[in-house]
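First the proteins, then the strands, lettered A, B, ... as listed; each starts at 1.
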There are 2 protein chains.
Amino acid sequence: MAKEIQIFIDYLKKKNLKLTDQRGRILNVFLKTQRHLSAEDLYNIVRKNDASIGQATVFRTLKLLCGADIAKEVDLGDGKTRYEHKCGHEHHDHLICTRCGRFIEAMDPEIERLQKKLCRRFAFTPQYHKMEIFGVCKKCR
Amino acid sequence: MAKEIQIFIDYLKKKNLKLTDQRGRILNVFLKTQRHLSAEDLYNIVRKNDASIGQATVFRTLKLLCGADIAKEVDLGDGKTRYEHKCGHEHHDHLICTRCGRFIEAMDPEIERLQKKLCRRFAFTPQYHKMEIFGVCKKCR
DNA sequence: CTTGATTTTGAAATTCAATATCAATTATAT
DNA sequence: ATATAATTGATATTGAATTTCAAAATCAAG
């Protein structure tokens, strides 16, 4: 967790931006949360500690955290962007249940390998990817 | 193309909905277009033929076409939902260039196979999936 | 310190795609 | 024909995300 803060500081420095109280506090809260929350979710949690922080700052900070590669946007299909931090979590994809909305995190190294191979075929340099499989989970069928 | 219209009619009938002039016209225009257009793009094209059609109807019809599996939503990362029709196009994924925004359609049967296998591991019944690889295309590097 | 240039902040206003509302119109089965 | 239900388009509304802007905070250089 200290690691993430250092990454953030380095990223900000590189971009000539500053580590402010608000940004630090938002990052700390974010890292402690359950993952996959929306900007509004995070705003509501942050607000409990510091009622003076504004929504806009939370939005802005989440964007920065994505830029610093500490957070990742996830689109679960409702109109809301969710964010997950990478603290202690490897890359993974999602199996999303279209009945109950729950999702499973999953990863297959073989698929990852083939994705890279597919890119090579098109002389395309991959940076990151999203793979979301929608369907019906065990409980719902 | 006649096939798609039949699929649409069958789908509407199944749902106790009606094939109206507007829906028919929107589908026809949609199938003729280049693919990956937003609801607004389609609205602007449809309007040239029939100025009386409303935006809401285009939105609603695109949703129906997705339900009928004639169209597919694509999220290219800007805030706009794009739609592509499946007329003469197999399922594919996208390699999206983060520099120029252009994208490549690509498909790997081996990946598809492994995706199904991955789902089986979680007792998850897949319906459809999105796979988008973001990176830098040949021209941009 | 103090200054000055720059960045950041929060509140509020704004944007924009997408959806909901609603009275008028249209389709379809009987 | 008629009754029932679905559809339409104009408009208003929603809601996430972004922008604006004046005030506050940061930081480097004197």
Using 4.0 Å as the upper bound for N to carboxylate O, is an ion pair formed by [Y] and [X]?
| X | Y | result |
| --- | --- | --- |
| B:D41 | B:R82 | yes |
| B:E73 | B:K63 | yes |
| B:D93 | B:K130 | no |

Inset, instruction - Remember a base hit wins even if backbone is also touched, and classify A:S38 as base, sugar-phosphate or nothing at under 4.0 Å, heavy atoms. - result: nothing
Legend entry - Nucleic acid contacts of residues 59-66 of chain B, taken as heavy-atom distances under 4.0 Å to DNA chain C: B:F59, B:R60, B:K63
For [X] and [N], what is the distance between atoms [atom1] and [atom2] respectively, to the nearest whole Å?
| X | N | atom1 | atom2 | result |
| --- | --- | --- | --- | --- |
| B:D75 | D:dA16 | CG | C1' | 14 Å |
| A:R23 | C:dT9 | CZ | C1' | 9 Å |
| B:I26 | D:dT8 | CD1 | C1' | 10 Å |
| B:N44 | C:dC16 | CG | P | 15 Å |
| B:Y43 | C:dA17 | OH | C1' | 14 Å |
| B:E73 | C:dA17 | CD | P | 15 Å |
| A:D78 | D:dA16 | CG | P | 9 Å |

Quick one: does [X]'s side chain get under 4.5 Å of [Y]'s, heavy atoms only?
| X | Y | answer |
| --- | --- | --- |
| A:R23 | A:L17 | yes |
| A:H94 | A:V74 | yes |
| A:L27 | A:L65 | yes |

Report yes if a side-chain nitrogen or oxygen of [X] is closer than 4.0 Å to either non-bridging phosphate oxygen (OP1 or OP2) of [N]; otherwise report no.
| X | N | result |
| --- | --- | --- |
| B:Q55 | C:dA18 | no |
| B:T81 | C:dA18 | yes |
| B:Q22 | D:dT7 | no |

Inset, instruction - Could you verify whether a donor N or O on one side chain and an acceptor N or O on the other, from B:E105 and B:H91, lie under 3.5 Å apart? - result: no
Legend entry - Distance-only side-chain donor-acceptor flag, B:E132 / A:H129, under 3.5 Å: no
Inset, instruction - Would you please classify the geometry between the A:F134 ring and the B:Y128 ring as parallel, tilted or perpendicular, with 30° and 60° separating the classes? - result: parallel
Legend entry - Inter-residue atom distance A:H85.NE2 - A:D69.CG, 0.5 Å rounding: 14.0 Å
Inset, instruction - Heavy atoms only: give me the nearest B:F122-A:L95 pair and the separation to one decimal. - result: CD1-CD1, 3.8 Å
Inset, instruction - State yes or no: are the ring centers of B:H36 and B:F103 separated by less than 6.0 Å? - result: yes
Inset, instruction - Give the nucleotide from the list C:dT9, D:dA6, C:dA12 with an atom nearest to the side chain of B:L17. - result: D:dA6
Inset, instruction - Rounding to 10 degrees, work out the angle separating the end axes of the helix from C:dC1-D:dG30 to C:dT30-D:dA1 (five pairs an end). - result: 30°
Legend entry - Contact letters for nucleotides 24-30 of chain C, in which S counts primed atoms plus P, OP1 and OP2 and B counts the base, heavy atoms under 4.0 Å: ---BS--
